[in-house]
Visitor: 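Okay, handing you the structure first.
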Amino acid sequence: MSEMPKAYEPQQHEDEIYARWEESGSFIPENLPDFANREPYTIPVPPPNATATLHIGHAAMLAIEDVLIRYQRMNGKRALWIPGTDHAAIATQNVVEKMILKEEGKSRHDLGRAELVRRIEEFVESKRNRIKLQFRKMGASLDWSREAFTLDEQRSRAVRRVFKNMFDDGVIYRGWRVINWCPRCASTLSDDELETKPRVAKLYYFKYNKDFPITIATTQPETKLGDTAVAVHPSDERYTALVGKTFDVPFGGPGGVVLKIRVVADHNVEKEFGTGALGVTPAHSMIDYLMALQNNLPLVHVIGEDTKMLEAAGKDYAGLPYLEAREKVVAWLRAENLIEKEEDTEQNAPICERCKTEIIPLPKLQWFVDVNKKFAFQKSPRKQVEGIAPGTEVSLKEVMRHVVETDQITMIPERFEKTYMHWVDNLLDWCISRQLWYGHRIPVWFCVDKKTDECAAPICSVDEVIVCPHCSGAVEQDPDVLDTWFSSGTWTFSTLGWPYTRVIFVRHGECETNAGGFLNSDVTKEFHLTEKGRAQVATTTEMLAKEKVSAVFASPFMRGQETAAIIANALQVPTRTDDRLREAGLGEFDGKLSSEFDAVTGNRMESHNWDITPGDSESFRSIRARMQNFLDDITKEYVGKTIVVVSHGDPIWAAMSLEQSNLQADLVYPKNAEMVVREYDTSGSTVGDLNTYHPMDVLETGYDILPNWVSRMILMTAYALGEIPFKTVYLHGLVRDAEGRKMSKSLGNGIDPLDVIPKYGTDAVRMALLIGQTPGNDLRISEEKIAGFRNFSNKLWNVSRFILSMDGDVALDRRMISRIDLDDADLTMVDKWILSRLANVAKEFSVALDEYDFSRAGEMLRDFTWNDLADWYLECAKVEGGKYTVLNYVLQNLLKLWHPYMPFVTETIWQNAYAKDGAFLMIETWPDYTSMTHYPEAEREFAHVQNVVTAIRALRNDYKIPAAAIVPVSMVTKYKAELALSEAVIKKLTRSELLFVDVAPEGQLATVIEEGTITIPKFETAESPDEKIKLEAERDSVAHYITALKEKLGNADFVARAPAAVVEKEHGKLKEAEEKFAAIEARLK
RNA sequence: GGACCGCUAGCUCAGUUGGUUAGAGCGCACGAUUCACAUUCGUGAGGUCAGAGGUUCGAACCCUCUGCGGUCCACCA
């Protein structure tokens, strides 16, 4: 064992330990011992912006997730934690644009699209490694071999695939919509990308002209040039007579417009605001737009994307910036004397979250995800969403509601399920196009020349489109990119290899051979489908219609060909015949009854009887091999696509068997025309990451991105896979400063993990973020708190140092001590006490982790470590001596328990003390608390010792007995037998000579506790407080307590209605209190 | 306007299905320094559980109302 320095110096160990972990490959689940038999456990890292720097929020997130993954890994799970970063389209482009503008004075338009994208990619590449290095600093045990980026090739393929599927299903559509337009970014913004800014605006009350019967109020008079209606509340009697009437209204002067205004009734109008009547401008207001949709009003576009007025605003106004147009309209209204009133009103103006520019609502042709459109629900080859059968017509909204409502996804804390439901219920179609240059380009092309009628339709394709498929003319890709959440919404499955090739095996329909019960393996003999068989295939074809099938592969046999033909015709896809899909060779059994063959072969899958070839028939092994061979080829050709493979019972059954490494016979032999769905990665294997690790177990993230991200993942995954993305959502709070303020650069109140990690150590930072945090609630953190946990890691270090410095049994050195090494006969009461405490805490700690109660778990273990172990047991051990085995047993388990919270200090100690051949603590097995022994007797006994020790110490303190003095202590107690067992301990810990007596000596200082009366001789010091006063105060308090207890027990209702155990407990309390009272009284006489 | 959260010791927070004389850490006060650790040890003070009603044998905990602080959503014509 190497010498351990007096204080733990984190910076001397952390980087080295992390590097050793990583090099060992232990973060990769497939490198864990016996990985194939471990149950998978998966969490994704919420991908930070690739250009981000580690901040305290990331640190909190990583600490929680690393606890989960380390705990599960030690607990025998096949633990996978996937790292990655997000391209964050709009945020990143903004940063780079600003940088270029500042450094070179150039705008994105000066550079051009290709150059800007190149510059952004260069910037991202230069920053991407920074955040990854910082994740390592936090000790995060991420599987870096699976690292993903939302804009890399694999993720792009997933994005285009989902888009294409949605497009084909009509879930994605293109339409005119009023959107939030940021003139500065020259882009559409989603509602989530808005902030609001309070401001005071001028509210003008006026009539469009003298003849118009209704006065309206507005803060934006220029938009009135695009009004098409006036809306009033349906129950507003002032206007009832006018509803439904239409007026031609000249507005804005001769160079203005003639408005066609209809008076409509709408519930969204507030009677009390303004005049209770509102001029409806469908093109430039969200609410007006919705009213226009409901009332079928036309939409007049008067403000352009450059913030200048358009032609439709009239010739005097066209071309004016909208603010100038506003002045001009107001001037005209004044000149015409139409303004009745002007007043200031407070409003919250929507602004761009990135650049703070005021947004303008305007209509634009955009791409949307339709959340109400019904589509056929996907069939999952793994774990179907429960309660929605494959093929069911559902909308995204319904699915999103369903999976949470039925608890297939649970949220911690639960109250966020309400927030989520509220969000889902109010969900509008999701605008997914962004007028940016950086991001996933929308995979849609348009024919330029449109030579045929068909050319008008947009062409959506996963692969690059070079020419128009209809006229072979030039095409142009849609210039927009996708909302960044569209790609991060695929995170759980795109990081696991999706899209796979989806293969739907279909066994041929009933054939004459099946009907006759005989076999055929001679391709030249043409047996046809029966009537029933054709009907079976027709039914299957109906189900297949909901799939997006690219091709049909068929066995060369007539029954395969006929089956394939029916399907291919209906689906309008080509058929390819492949000999590898042929019927099993039956040799001499060809033409015989199937029962004869079965009698010889039995269940080959179950019996592993793969090599027999009765009657020169084909072996099962051979059938498996040709199916694997077929899959190897097609899965490379059809990545991300769906194909139908029509074959026979045995070959399909053999293909199904390929996914099982140790065959169990739970694969049911396919019936005629039955569909069997499988997904394969590009190596033709179904045993890919997606199958092993999806759905994931936990998504841990901040509650602030519940709508943006969590909901979108649920949406995308349910749509694309027919599955939930994860089972549990754990939402942490925001990290705030000691005053509860958000940490920000401008306030300068941020705690930068990169500052405090070198100062206090990563473990201390992790502890400070884990203890005191409650899910969904914000966490306050200060440097003092981190310093406190630095002290704790040093404590653990010194506890270990003390234990490891003991001379012990050489044979036990560097060996795992098990329960068997501890013989009850050799254990003292104190030993039993600490072992019992360890058993309790190991269990409670594990249970708390299972319940995601990180704070309580950490506090519990800290109290055990610091109070029970360090302050009590180690002091006792010094007195009793010879604790080598017990101490090492406790320490080994303690290091394991602490490892998920404080990976570095525990691993460092472990490497010093116990690691054999450098084996890591991080892959040790979790303490088996079920095998640990509880000693309830010892716990009760030691509690008495603690009480007595504390009482004597308090007595010494109260009466100013010099610390060094060894004093004679007399004690009257009914626990003499138990206390005598630890007499040496009590003496040493209290620096006293302990004497058990029957009557407390007179003339001494006394204290009365539950265990009895303790006295020490008076010491000659001037300022000793009066013993009598102290005792009297204690007596009064006990008397008060007794009164309360008696009152309670005297209450007939209480005795009658409370559970017997509770009443019993109160009686016990009363008895104890009365004994204590008597002892004090005796002393005071 | 709608919804949600919080209010417990000077500060930060625990308090599991109602059954404690309401807990922890930090801070504070007093005392201790060769013996694992001063990044330490010992002892102690400190709370009408925001307020008012109600349910109950029993309320920090359940219900209603009020107050204060905070967050989110919608709207702001």
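Just so you know, these numbers use all the heavy atoms, side chains as well, and skip hydrogens, waters and symmetry mates. All chains are named by letter (A, B, ...) in the order of the sequence lines, taking the proteins before the strands, and each is independently numbered beginning at 1. Bear in mind that the values here come from a model prediction, so they are computed numbers and not experimental data.
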Visitor: With respect to the side chain of A:R862, which nucleotide from B:C37, B:A24, B:A14 is positioned closest?
Guide: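 So the side chain of A:R862 is nearest to B:A24.
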
Visitor: Does the A:Y420 side chain pair with the main chain of A:M400, one donor and one acceptor, at a distance under 3.5 Å?
Guide: yes

Visitor: From the options B:C30, B:G19, B:G25, select the nucleotide whose nearest atom is closest to the side chain of A:A1058.
Guide: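 Looking only at heavy atoms from C-beta outward on A:A1058, the closest nucleotide is B:G19.
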
Visitor: Tell me the interatomic distance from A:I952, atom CD1, to B:G31, atom P, rounded to whole angstroms.
Guide: 22 Å

Visitor: Under 4.0 Å between any heavy atoms, over every strand shown, what does A:S1037 touch: base, sugar-phosphate, or nothing? Just pick one.
Guide: nothing

Visitor: With both distances under 3.5 Å as the test, what is the Watson-Crick or G-U wobble partner of B:C49?
Guide: none

Visitor: Does A:W866 place a side-chain N or O at less than 4.0 Å from the phosphate oxygens OP1/OP2 of B:C41?
Guide: yes

Visitor: Check every atom of B:A36, B:G19, B:C13 against the side chain of A:R801 and return the nucleotide holding the closest atom.
Guide: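 Nucleotide nearest to A:R801's side chain: B:A36.
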
Visitor: Could you let me know what B:G18 is paired to, Watson-Crick or G-U wobble, both distances under 3.5 Å, or none if it's on its own?
Guide: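 Pair assignment: B:G18 / none.
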
Visitor: Between B:C37 and A:K6, is there an OP1 or OP2 to side-chain N/O distance shorter than 4.0 Å?
Guide: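 Answer is yes, contact under 4.0 Å.
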
Visitor: Ignoring the backbone of A:K960, work out which of B:C76, B:C30, B:U43 is nearest its side chain.
Guide: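 Among B:C76, B:C30, B:U43, the one nearest the side chain of A:K960 is B:C30.
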
Visitor: Please verify the inter-ring angle class for A:H13 with A:W797; under 30° counts as parallel, over 60° as perpendicular, anything in between as tilted.
Guide: tilted

Visitor: Return the value, rounded to whole Å, for the distance between atom CZ of A:R790 and atom C1' of B:U39.
Guide: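 Interatomic distance, CZ of A:R790 to C1' of B:U39: 5 Å.
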
Visitor: Provide, to the nearest angstrom, the distance between the CG atom belonging to A:D958 and the C1' atom belonging to B:G42.
Guide: 12 Å

Visitor: Answer with base, sugar-phosphate or nothing: what part of the nucleic acid does A:T419 contact at a heavy-atom distance below 4.0 Å?
Guide: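 Answer is nothing: A:T419 stays at 4.0 Å or more from every strand.
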
Visitor: Using a heavy-atom cut-off of 4.0 Å across all strands, would you classify A:D288 as base, sugar-phosphate, or nothing?
Guide: nothing

Visitor: State the pairing partner of B:U43; accept Watson-Crick or G-U wobble contacts with both distances under 3.5 Å, and report none otherwise.
Guide: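 Here B:U43 is engaged in a pair, and the nucleotide opposite it is B:A29.
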
Visitor: Has A:K1069 got a side-chain N or O lying under 4.0 Å from the OP1 or OP2 atom of B:U21?
Guide: yes

Visitor: For B:A36, does the base pair up with any side-chain atom of A:K878 as donor and acceptor (N or O, under 3.5 Å, distance only)?
Guide: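 Indeed there is one.
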
Visitor: Of the candidate nucleotides B:U43, B:U40, B:A24, which contains the atom at the shortest distance from the side chain of A:K795?
Guide: B:U40

Visitor: Go through B:C37, B:G19, B:C4 for me and flag the one nearest to the A:P1059 side chain.
Guide: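 Looking only at side-chain atoms, A:P1059 lies closest to B:G19.
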
Visitor: Between atom CZ in A:F854 and atom C1' in B:C13, what is the gap in whole Å?
Guide: 17 Å

Visitor: Across all strands shown, which nucleotide pairs with B:C35 by Watson-Crick or G-U wobble geometry, both distances under 3.5 Å?
Guide: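 The answer is none; no pair meets the criterion.
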
Visitor: Quick one: does any side-chain atom of A:E343 pair with a main-chain N or O of A:L203 as donor and acceptor, under 3.5 Å?
Guide: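 Side chain of A:E343 to backbone of A:L203, a donor-acceptor pair under 3.5 Å: no, none is there.
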
Visitor: Can you tell me the pairing partner of B:G23 across any strand shown, Watson-Crick or G-U wobble, with both distances under 3.5 angstrom?
Guide: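 In the structure as shown, B:G23 has B:C13 as its Watson-Crick or wobble partner.
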
Visitor: Side chains of A:F789 and A:M902: closer than 4.5 Å at any heavy-atom pair?
Guide: no

Visitor: Can you tell me whether the side chain of A:N957 and the base of B:G44 have a donor-acceptor pair closer than 3.5 Å?
Guide: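 Under the 3.5 Å cut-off, the side chain and the base do not form any donor-acceptor pair.
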
Visitor: Please name the nucleotide paired to B:G69 by Watson-Crick or G-U wobble geometry with both distances under 3.5 Å, or report none.
Guide: B:C5

Visitor: Figure out the CD/C1' separation between A:E1066 and B:G18, and round it to whole Å.
Guide: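 Whole-Å distance recorded here is 14 Å.
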
Visitor: Is the phosphate of B:U39, meaning OP1 or OP2, less than 4.0 Å from a side-chain N or O of A:N798?
Guide: no

Visitor: At 4.0 Å (heavy atoms only), tell me whether A:A1052 reaches a base, stays on the sugar-phosphate, or touches nothing.
Guide: nothing

Visitor: What contact category does A:I287 fall into here, base, sugar-phosphate, or nothing, at under 4.0 angstrom with non-hydrogen atoms?
Guide: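 Sugar-phosphate only.
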
Visitor: It should be established whether A:T950 places a side-chain nitrogen or oxygen under 4.0 Å from OP1 or OP2 of nucleotide B:U43.
Guide: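 Result: yes.
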
Visitor: I want to know whether A:Y901 and A:F845 have ring centres closer than 6.0 Å.
Guide: yes

Visitor: Report the C-alpha separation of A:E783 and A:Y760 in whole Å, then their side-chain angles, then the decisive distance to 0.1 Å, and conclude whether the side chain to side chain donor-acceptor pair (under 3.5 Å) test is met.
Guide: CA-CA 9 Å; A:E783 208 163 318; A:Y760 302 105; 2.9 Å; yes

Visitor: Paired with B:A60: which nucleotide, if any, by Watson-Crick or G-U wobble criteria at under 3.5 Å for both distances?
Guide: none

Visitor: Nearest to the A:R953 side chain among B:U16, B:U43, B:A36, which nucleotide is it?
Guide: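 Of the candidates, B:U43 comes closest.
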
Visitor: Considering just the side-chain nitrogens and oxygens of A:R415, establish if one lies under 4.0 Å of OP1 or OP2 belonging to B:C4.
Guide: no

Visitor: Is there a side-chain contact between A:S782 and the phosphate of B:C26, meaning an N or O under 4.0 Å from OP1 or OP2?
Guide: no

Visitor: To the nearest Å, give me how far apart CD (A:E414) and P (B:C4) are.
Guide: 14 Å

Visitor: With A:K1076, which of A:K1071, A:R1035, A:E1010, A:E1034 fulfils side chain to side chain contact (heavy atoms under 4.5 Å, CB included)?
Guide: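 Result for side chain to side chain contact (heavy atoms under 4.5 Å, CB included) with A:K1076: A:E1034.
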
